[in-house]
Every structure is written in C-alpha cells, then in structure tokens.
Amino acid sequence: NAGVMQNPRHLVRRRGQEARLRCSPMKGHSHVYWYRQLPEEGLKFMVYLQKENIIDESGMPKERFSAEFPKEGPSILRIQQVVRGDSAAYFCASSMDGGTGELFFGEGSRLTVL
Amino acid sequence: KQEVTQIPAALSVPEGENLVLNCSFTDSAIYNLQWFRQDPGKGLTSLLLIQSSQREQTSGRLNASLDKSSGRSTLYIAASQPGDSATYLCAYNAGGTSYGKLTFGQGTILTVHP
C-alpha cells in the first residue's frame with residue numbers, strides 16, 4: 001500500500017519561472033494538505049483540499065500560489081514567477097477523513113530558486 | 001496566535017537511556033495532538049496520535065501523554081537506540097479546527113550515540 005507520493009523530489013527553477021509540485025494521496029484518502037518548511041523554520045500549513053474543493057487556504061500567500069485537487073489525478077501546488085524566498089521543502093499530507101484522523105506525509109518536494 | 005514550543009531544542013544521549021521530550025501549546029481547545037519524527041532530508045513519519053479525549057497513547061518503546069489543562073504533551077522514549085536519532089516534532093489542530101490544519105513546533109533534534 002503506497003504512501004503519499006510527491007514529485008518531483010527536487011526541483012530547481014530560476015527566478016520568474018513556474019514551479020508545479022504534485023501529490024498523490026494514500027489510497028482511499030480524499031483529503032489533502034500542503035505544508036511548507038522554510039530553511040531553519042518549522043512546518044507551516046498552507047492549504048486543505050478535498051476532491052475539486054478548496055476547504056481552507058488561509059496559509060497560502062495571497063499572490064502567485066495556487067492549489068487544486070481535481071476529480072481525477074494528483075493534487076497540484078503551483079507557484080508562479082518564483083522568487084528566491086520560495087526556496088523551501090513543500091510537504092503534502094493526506095488523511096482518510098477530515099475529522100480527527102491521522103495525517104500521513106509524503107517525502108516532500110524541495111524547491112530551489114536560483 | 002497558536003504556538004507550540006518544544007524543549008529541549010537538541011538532546012544527545014548514550015544508547016539505552018530513557019528520555020522525555022516536551023511540547024507545550026497555547027490553545028487548550030484542541031482536537032488532537034500528533035507526534036512525528038523527521039529524518040534529515042526526508043518526510044515526516046507519524047508516531048502517535050492522541051485524541052483530545054485521551055490522556056496517553058503507547059506504541060512499542062514510545063509513550064505520549066496529553067494534558068490539555070496545562071497545555072502540555074510529553075513523548076517518552078524507552079531504551080533509546082541510535083536508530084532513534086532524528087528530529088521529533090509535535091503538532092496539534094489549530095484554532096479548534098477538526099481537520100488536519102496542524103500547528104507545528106520547531107522540533108527536538110535527538111542524537112543517540114552508541
């Protein structure tokens with residue numbers, strides 16, 4: 001039973017380019033969360049999605065960042081016009097339900113902006 | 001503002017010692033608290049989940065307790081092994097939300113030397 005799958009594991013972009021990070025939740029999980037871990041900082045919540053719906057995006061930067069979880073396929077975190085401050089590890093987590101269920105995290109996608 | 005403080009920030013112990021990691025949080029209206037371990041360059045592995053109605057959870061050599069009234073949780077590791085070396089993170093549901101919007105501490109870096 002595969003865990004949460006994230007790709008790419010490492011991504012290098014130049015300033016101004018776009019970054020797309022993908023996340024496939026665990027089998028049977030329909031709730032997806034994105035977190036960001038900046039260098040020397042703790043993990044911060046970004047967004048919570050269910051299939052085709054954004055439930056809570058209170059942690060998303062107001063500009064350049066967007067997330068989706070389509071009916072078919074993985075969840076996508078998209079960062080437009082990346083800047084050096086976007087360099088971080090982006091983690092996806094999934095849960096079976098949206099209640100007090102346990103979160104399972106992927107290995108993360110490490111974005112480096114040159 | 002929800003905050004999580006983990007003490008100590010780093011801990012180095014010889015193999016075989018029993019140890020306690022501490023976590024304190026500011027919001028008593030939590031739904032659950034979760035302990036994770038993170039290995040360098042890796043994702044998070046869930047260790048224990050304590051529901052707000054529970055006082056403790058045990059898994060193998062690990063025992064986690066929760067005291068909502070004092071805003072504290074402890075992770076007890078018995079008979080530590082070098083393989084336990086990792087960063088240990090505690091996190092809880094933020095702002096009374098019932099889904100996986102977690103607030104994380106900065107972590108305790110544990111080193112167990114042979």
Side-chain angles (χ1 to χ4, degrees), chain A residues 2-7 9-10 21 23-26 29-50 53-60 69 75 88-112, chain B residues 1-7 9-10 23-27 29-54 57 59 62 64 66 68 86-109:
Chain A
V4 178
M5 304 300 292
Q6 290 189 246
N7 67 83
R9 293 291 313 281
H10 300 275
L21 310 177
C23 168
S24 296
M26 284 183 70
H29 289 194
S30 59
H31 301 258
V32 166
Y33 308 81
W34 285 94
Y35 284 79
R36 178 166 66 173
Q37 188 173 37
L38 292 165
E40 308 303 322
E41 292 189 20
L43 281 96
K44 304 288 186 191
F45 168 83
M46 298 181 75
V47 62
Y48 163 42
L49 311 104
Q50 295 179 25
N53 288 301
I54 296 174
I55 308 301
D56 183 343
E57 56 181 349
S58 58
M60 288 279 271
F69 189 15
S75 174
Y90 293 83
F91 290 95
C92 172
S94 71
S95 66
M96 185 173 292
D97 57 53
T100 55
E102 192 172 4
L103 285 195
F104 295 87
F105 280 78
E107 296 275 285
S109 291
R110 282 155 182 82
L111 171 66
T112 301
Chain B
K1 178 183 177 184
Q2 289 83 23
E3 289 187 353
V4 180
T5 303
Q6 291 190 244
I7 296 173
C23 171
S24 61
F25 46 91
T26 57
D27 191 344
I30 68 171
Y31 280 86
N32 64 42
L33 184 140
Q34 203 165 349
W35 282 92
F36 298 88
R37 70 174 277 170
Q38 184 177 25
D39 294 279
K42 299 289 187 180
L44 280 69
T45 301
S46 177
L47 298 173
L48 290 164
L49 169 72
I50 311 177
Q51 307 280 7
S52 61
S53 59
Q54 299 172 324
Q57 282 287 340
S59 175
L62 305 179
L66 174 63
K68 289 175 57 179
T87 298
Y88 289 80
L89 300 165
C90 75
Y92 75 101
N93 293 69
T97 54
S98 62
Y99 49 84
K101 182 180 180 180
L102 300 178
T103 297
F104 278 85
Q106 293 281 74
T108 293
I109 302 171

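Letters A, B, ... are given to chains in the order of the sequence lines, protein chains preceding strands, and every chain is numbered from 1.
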- Message: Between B:Gly105, B:Ser52, B:Gly41, who has the most heavy-atom pairs with chain A when the cutoff is under 4.5 Å?
- Response: B:Gly41

- Query: Nearest 0.5 Å, what's the CG-NZ distance between A:Leu103 and B:Lys101?
  - Reply: 13.5 Å

- Task: Decide if the gap between the ring center of B:Phe104 and the ring center of A:Phe45 is smaller than 6.0 angstrom.
- Result: no

- Item | A:Gln37 versus B:Gln38, side-chain donor and acceptor atoms under 3.5 Å | yes

- First locate atom NZ of A:Lys44, then atom OG1 of B:Thr103, and finally report the distance between them rounded to the nearest 0.5 Å. 8.0 Å

- Message: Using only atom types and a distance under 3.5 Å, with no angle test, would you say the side chain of A:Tyr33 pairs donor to acceptor with the backbone of B:Leu102?
- Response: no

- Query: Hey, is CE on A:Met60 packed in by over 12 heavy atoms from elsewhere, all under 6.0 Å?
  - Reply: yes

- Message: Holding to side chain to side chain contact (heavy atoms under 4.5 Å, CB included), I want the full list of residues that pass it with B:Ala64, two or more places apart in sequence or in another chain.
- Response: B:Trp35, B:Leu48, B:Ile50, B:Leu75

- Query: Are the side chain of A:Glu107 and the backbone N or O of B:Lys42 linked by a donor-acceptor pair below 3.5 Å?
  - Reply: no

